[in-house]
Peer 1: 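Submitted below is the structure of interest, expressed as C-alpha cells.
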Amino acid sequence: MNKKSYWLSISVFVLMLIWTIYYYAMRYTGGFADLKDTVICGVVGLICVIFIVKRTINFLKRKKP
C-alpha cells in the first residue's frame, strides 16, 4: 500500500470519528440521547480509534528500512 492510501484511509476514519462525536454531542445536549445512541456511538468511536492507531503503526513500521 502506498503512502497516499494510508493517509486517505486515516483521514476517512478521523472524519467518521469527528462526525460521531458531533452527532452524540448534539443528541446529548438536546436531551434525546438514549442507551442505543450511547452504545452505537461508543462502538463506532472505538472502531475508528483502533483503526487509526493500527494504520498509523503499520505505516511507521513500513517506513523504516
Side-chain angles (χ1 to χ4, degrees):
M1 210 173 244
N2 62 12
K3 184 178 180 179
K4 196 173 195 176
S5 67
Y6 274 108
W7 292 116
L8 180 63
S9 65
I10 288 173
S11 298
V12 168
F13 277 93
V14 167
L15 287 174
M16 285 175 53
L17 182 62
I18 290 169
W19 183 85
T20 302
I21 292 168
Y22 172 76
Y23 174 81
Y24 186 73
M26 294 300 290
R27 298 280 293 182
Y28 184 77
T29 57
F32 298 112
D34 57 357
L35 182 62
K36 182 175 68 171
D37 287 328
T38 305
V39 170
I40 291 173
C41 289
V43 169
V44 170
L46 184 64
I47 289 170
C48 289
V49 168
I50 288 171
F51 191 82
I52 291 167
V53 169
K54 182 178 183 256
R55 296 294 273 178
T56 303
I57 290 171
N58 285 343
F59 176 75
L60 293 174
K61 281 183 181 179
R62 290 182 184 253
K63 187 177 179 182
K64 294 181 182 180

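Note: hydrogens, waters and symmetry copies are ignored here, and every other heavy atom, side chains too, is used.
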Peer 1: Please evaluate residues Tyr24 and Thr38 with respect to the criterion side-chain hydrogen bond (donor to acceptor under 3.5 Å, both in side chains), reporting the C-alpha separation (whole Å), side-chain torsions for both, the decisive distance (0.1 Å), and the verdict.
Peer 2: CA-CA 7 Å; Tyr24 186 73; Thr38 305; 3.1 Å; yes
Peer 1: For residues Arg62 and Tyr6, determine if any side-chain heavy atom of one lies less than 4.5 Å from a side-chain heavy atom of the other.
Peer 2: yes
Peer 1: To the nearest 0.5 Å, what is the distance between CH2 (Trp19) and SG (Cys48)?
Peer 2: 10.5 Å
Peer 1: Any side-chain heavy atom of Ile10 sitting closer than 4.5 Å to one from Phe59?
Peer 2: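 The answer is no; the side chains never approach within 4.5 Å.
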Peer 1: Are Ile47 and Val49 co-members of a hydrophobic cluster defined by side-chain heavy atoms under 4.5 Å apart?
Peer 2: no
Peer 1: Please report the interatomic distance CG(Leu8) to CZ(Phe13), rounded to the nearest 0.5 Å.
Peer 2: 11.0 Å
Peer 1: Is there a chain of hydrophobic side chains (I, L, V, M, F, W, Y, each step under 4.5 Å between heavy atoms) that links Leu46 to Ile21?
Peer 2: no
Peer 1: Are Ile52 and Leu60 in one and the same hydrophobic cluster, where Ile, Leu, Val, Met, Phe, Trp and Tyr link if side-chain heavy atoms are under 4.5 Å apart?
Peer 2: yes
Peer 1: Considering all heavy atoms of both residues, which atom of Ser5 and which atom of Arg55 are nearest to each other, and what is their separation?
Peer 2: O-NH2, 4.2 Å
Peer 1: Report whether Ile50 and Val44 are members of the same hydrophobic cluster (ILVMFWY, side-chain heavy atoms less than 4.5 Å apart, transitive linking).
Peer 2: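 No, Ile50 and Val44 fall in different hydrophobic clusters.
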Peer 1: Treat each ILVMFWY residue as a node, draw an edge where side-chain heavy atoms are under 4.5 Å apart, and state whether Tyr23 and Ile40 are in one component.
Peer 2: no
